[in-house]
Every structure is written in structure tokens, then in C-alpha cells.
Amino acid sequence: MSKKQIKVLLVEDNLADARLVNEMLIESGQDNFNFRTVGRLSSALNLLNQEKFDILLLDLNLPDAHGLSGLIEVQTLMPDLPIVVRSGFDDEQLALDAVQSGAQDYLVKGQESGPLLTRALRYAIERKCSEQRLAYLAHYDPLTDLPNRVLFRERLNRAQHRANRHASMIALLFLDLDHFKDINDTLGHDAGDQLLQVVAKRLKNCVRAEDSIAHLGGDEFTIILEDIAHKQDAANIAQKIVEEMAEAFLLNGKDVFVSASIGIAIYPGDGQSPELLIKHADMALYAAKEKGRGNYQFFEEKFNRAVAKRLAMVTFLQHALERDEFVLHYQPQIDPLTKKLLGLEALLRWQHPELGLVLPKDFIHLLEETGLIFSVGEWVLNAVCKQSSIWQAAGLPPTQIAINLSARQFQQVQLAKIIKKILDETGMDPHNLQLEVTESLLISNAEKTISTLCELRDTGIHIVMDDFGTGYSSLNYLHRYPFDTLKIDRSFVQDISGNAETSAIIPAIIALAHSLGLKVIAEGVENEQQLSFLLNLKCEAVQGFLFATPMPSEQCGAWIKNHQEFKEHHTLNAVC
Ligand code: C2E
Ligand code: MG
Ligand code: MG
């Protein structure tokens, strides 16, 4: 098989020397060299502009260039061309300088031979190739072929300098795919990689050729838009990207829908330095996600205050357990027909030293984000089990108590084991415990979640699907999971009075649940009209302000006692 021809350009003004090199290469006979010679640097540059060469063999002493200046000139104009320099001096320092200035090798005239020259040329080509690969890896992400974090920072710095010179504006866009982790978890990492590649392609279609897109890692992308005239220009591009990302992605032969959230910061208004601009674009991205994902958000000064507040909350939360600041309130669940107490739901509150009683909507997400939910979740279960035995010791009948579990808690490998251990230690009867989970749990790692729930249900614990109807509401999953009860979200219950459409949804949900052998509980029952509507549909349990708000344990104990006495009194009256 013939070897690939290597095109060599020799720059040598001494004709005898040039002939010698040519002869050495022919003699060696190892490679198929295509050899051209010129005598001046200017002629070499002319030729290089017209033709592609594989390597340059450059004399350091030419009529129009002396020393390393010729090398540096070629290197600057043709950074990808491998160069071997030749010199009459056997000078170690000069050789080192040459290599540091970009040459791949330094040969001393008179010490060369055919094989040595051939090898030097081949190695120089290989070395240049490796250098280029390393330079590429240092600045690009090989998966998407986009600039990486390092090159992004360099480009942002350069963009900032240009903007200062021309008094123009830059928009920095931070983009993040919503629920990317779920794609990796459910379809595998290859599908995740494939998705990132298609995202990169779609992004390129949304921006101008001169705009710079980068892949920072994971599912994070950035876009630098230079020379924008108005904020609206950035908004238009962000909107275009959001729409592009909303189109289905074909992964593993399936149509998958993924949305993207975008945060935008404008230079110079939103930050005088690249660091600040990045920080603010990131904050805007966070706000876009909070707003409901699949949209874009410009940076606003108030985000700084929100972040500071969040940070302060997290700092306080980190000590809340040891300072014993968490408390549980209990809300009764009632049989709508007999008004009998069926159970209680334990709802977490945080007694903040400065803010007072904080509700879950203001801190559960922080517990989840920081991972504190694991220890706090264990505390909740422990506290519920202990409270149950306190009430029983006080003569109250054993009552089922429901606790809420975050989807994040299912990432604890040992979740089932931890729950069983706490039940064992506290002597709580598993039949008196209910676990409420939400639909968000069901989208990732289904098999593992199902096996954890089955393991728990086998002990006698009841499993409740909470807030039904607010999440994915896919009916497919209901029969795959070991649910005992379905809890209709209070948004449906609240609509009962007026909204005809919702009033039609509730009967459908109850019929579906009953057909799957599930009991139904409705939460957020606030008036008699809602109660009778649910009663007519044979809803098994109701919970809401109509009966009681969530109460601290002592107050709840008294409520249970009163309720019991009231019921006994009425039953007695009815019998008489
Ligand atoms: P959820 O599990 O759906 O709890 C029911 C929420 O509805 C409670 O809000 C309760 O106070 C409220 N509620 C009950 N009846 C009525 C009513 O008639 N009208 C109205 N407007 N609201 C009613 P809360 O206590 O603020 O809890 C909010 C959410 O926080 C809970 O929703 C649950 O998802 C979460 N949460 C509470 N405690 C815990 C916990 O210990 N762990 C975890 N992971 N989440 C918890
Ligand atoms: Mg609940
Ligand atoms: Mg609920």
C-alpha cells in the first residue's frame, strides 16, 4: 500500500544545501515526499497562501529573515502548519527558543542524515497533531463541538473589551434544560448525550454566525450576543430558543419533550465585570425556573435581595434541627357520611427565631435543595411515631397518621430500611402510618421507586398519591404503583361551586380511582356545598378547614377528644 504523500516546503537560499536535503530525503526512500524549494521567506509565504503544505523546513538564516523572526512570522500567519527549523549553529539555547516559539524541531545543518531528517519531519507532523488535539480539548467540548467554559470566559472578556471600545451592549444568555436528569435516569446517558448534541445544533440555528455559544458542562449552555441595539433583541432570540427547544426530540426512537429555561443579563447595565454578568445571568436563570420553566427571564436587581434572603434562610435551616425548631401540626381527616375521625395528616412547620412560624412552601424546597430533607424527614417520622404513642397513652384511640415524603427522599437508597427501623424503635404499628407521595416522584427511576413503595406497603403502611391532578396526571402510572388511596388536590375542590368543567373532573377522578380499587380523599374542603358534592360521589374521606385547620399536637389531642365525645353523645341520642 502506498504511503500518503507528504508535501514539504523547504526555505533555503543556499542551493547546494537545498540539493543536499532533497538527496537525503530521496536516499532514505522511506517516505513519499513531495518536495518544493524557495530561497526567501516572502516567496514561502506567497506559496503557502496559494497551496497547502504538510510541513515547512525553514532555514533560520535567510536573505529576508534572520534568527527566529521568520519562524515567528510564519507561525503567526499559519498557526496550524508544522515547522522544523534548520540552523548552522549547534546552539542549545537557540534550539530551545525555537521550540518555545512554535517550531516542532530544531536540526543542525551538517549533522543531518536521510533517516534522521525523515523521522524529524514525520514526528513534527505527529507532534503538531497532538498539540492541536490538546489545544482543542482545552478549549472545546468534544461532545457538542462547542467552546467550553475556558474559551467562553476568554470570549466574554474579549466581547467586554469590544463593547467598551464601541460603547455597545452585550446580552449574556444562560440556558439550562428542564429536568435533564430525568432523561439521563430514564433513557440512559447515551440518550442524554444525544440530546445535548441536538440542543447544540438547534442553538446554532437560533443565533447569528458571529454569536458565540458555549457548553459549560452538564445541561448548561451560554450564548454571548454582541452588538445588540435593544434588550428586546435578546428577548426575541431567547423566545426563539424556547420555541425551538419545545419541539420534540427523537431519542432512542421515541419523541421526547424537553423545555429550556433561560436567564439573561445585559452588559453594562446588569454588571460591570464578566464575573458579575455571569452571576446575574445565573440568578435570572434561577428565576426563570422558579417562574415555571420553559421561559426566559431578564436579571432584576431584586434577585440579589432574594438570593441574600435565601442564603440567610439556608444558614438558619442548617441549625434548625439541633435547635429543635421544627414542629408538627396535625389536621383531621373525616368520613363525610358518619363524620367519624379517620386519620390525621402531619404537616411540618418551622419556628424561625426571627420570622415566627414558617409554612412549608417557604422552606421545604430549601430542605430538598440542600439535602437537609433526609434528616428532617427522619425527624418527622420519629416525631409522628412518638406523638402517636403519647396520644394512645393518654387514652385516645389509635389513629392513622399521614406524613408527606418528598420525591428527593426516594434518592436515599436505604429509605425503606430507615422507615422500618424507626417504626421498630418506636413500636408504631405500620398499619397506622400513611405515606403521601406526589406525582413528581413518578417521573424518574420508576422501577426503584416502585420497589421501595412495595417494600413499605408489604409491612402494612398505606401509600397515598397526594395532590392528584396537579402534576403529570398520567393515568398510565396509577395501576403500576402500589397506591391505596388517591388524594384529590384542593384546587379541584375549591372550584366545585362555580366551575362546571372542574365539577365534571372530580366525578371522573373518583370513578377512575374506585375502578382501580383505590380509596379517595379530598383535601381543602371549606364549605358544606363542597362536602355534599363529594359525599354524593362516595368520596371516602375529606380534609379541610370546614372541620379543622392543622393544629399543634396538644390542641389536636383536645380536638380528637372533643370530637369523640361529641360523636358518642350524638350516637347515644340517635339510639335513644
Ligand atoms: P399537602 O400535603 O397537600 O398538605 C395539605 C395542605 O393544604 C396543607 O398546607 C394544609 O394546611 C392545607 N389545607 C388543608 N385544608 C385546607 C383548606 O381547607 N383550605 C386551604 N386553603 N388549605 C388547606 P401546608 O401545611 O402549608 O403544607 C403545604 C405542603 O407542604 C403540603 O401539601 C406538603 O406537600 C408539604 N409538606 C408539609 N409537611 C411536610 C413534611 O413533613 N415533609 C414534606 N416533604 N412535605 C411537607
Ligand atoms: Mg399531603
Ligand atoms: Mg395535598
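All ligand and atom numbering here is 1-based and tracks the order in the structure.
- Under a 4.0 angstrom heavy-atom cut-off, I403 registers as lying outside contact with ligand 1.
- Remark: the T438 side chain and the D466 side chain contain no N/O donor-acceptor pair separated by less than 3.5 Å.
- Between the side chains of Q543 and E345, at least one donor-acceptor pair of N or O atoms lies under 3.5 Å.
- A donor-acceptor pair shorter than 3.5 Å can be found between the side chains of E243 and Q239.
- Residue Q543 has no nitrogen or oxygen atom sitting less than 3.5 Å from a nitrogen or oxygen atom of ligand 1, judged on distance alone.
- Looking at atom 29 (C) of ligand 1, its nearest protein heavy atom turns out to be P360 CB, 4.2 Å.
- Each protein N, O or S atom less than 2.8 Å from the Mg ion (ligand 3) was counted, giving 4.
- Partners of H563 according to the ring pair (Phe, Tyr, Trp, His ring centres under 6.0 Å) rule, which considers only residues two or more places apart in sequence or in another chain, are W559.
- Looking at atom 11 (O) of ligand 1, its nearest protein heavy atom turns out to be P550 CG, 3.3 Å.
- Heavy-atom contacts of E523 reach the following atoms of ligand 1: 3 (O), 5 (C) (cutoff under 4.0 Å).
- Closest protein heavy atom to atom 41 (O) of ligand 1: L348 CB, 3.5 Å.
- Nearest protein neighbour of atom 43 (C) of ligand 1, counting heavy atoms only, is N404 O, 3.6 Å.
- At least one N/O-N/O distance between E526 and ligand 1 falls below 3.5 Å.
- For atom 1 (P) of ligand 1, the nearest non-hydrogen atom of the protein is D466 OD2, 3.7 Å.
- Within the 4.0 Å cut-off (strictly below), a protein heavy atom is located near atom 22 (N) of ligand 1.
- Considering only non-hydrogen protein atoms, atom 12 (C) of ligand 1 sits nearest to R490 NH1, 3.5 Å.
- In terms of protein heavy-atom proximity, atom 14 (C) of ligand 1 is closest to Q331 OE1, 3.0 Å.
- For Q494, the heavy-atom gap to ligand 1 drops under 4.0 angstrom.
- Between F545 and ligand 1, an N or O atom pair is found at a separation short of 3.5 Å.
- Nearest to atom 3 (O) of ligand 1 among the protein's heavy atoms is D467 OD1, 3.0 Å.
- Closest approach between the Mg ion (ligand 2) and any N/O/S atom of E345 involves OE2.
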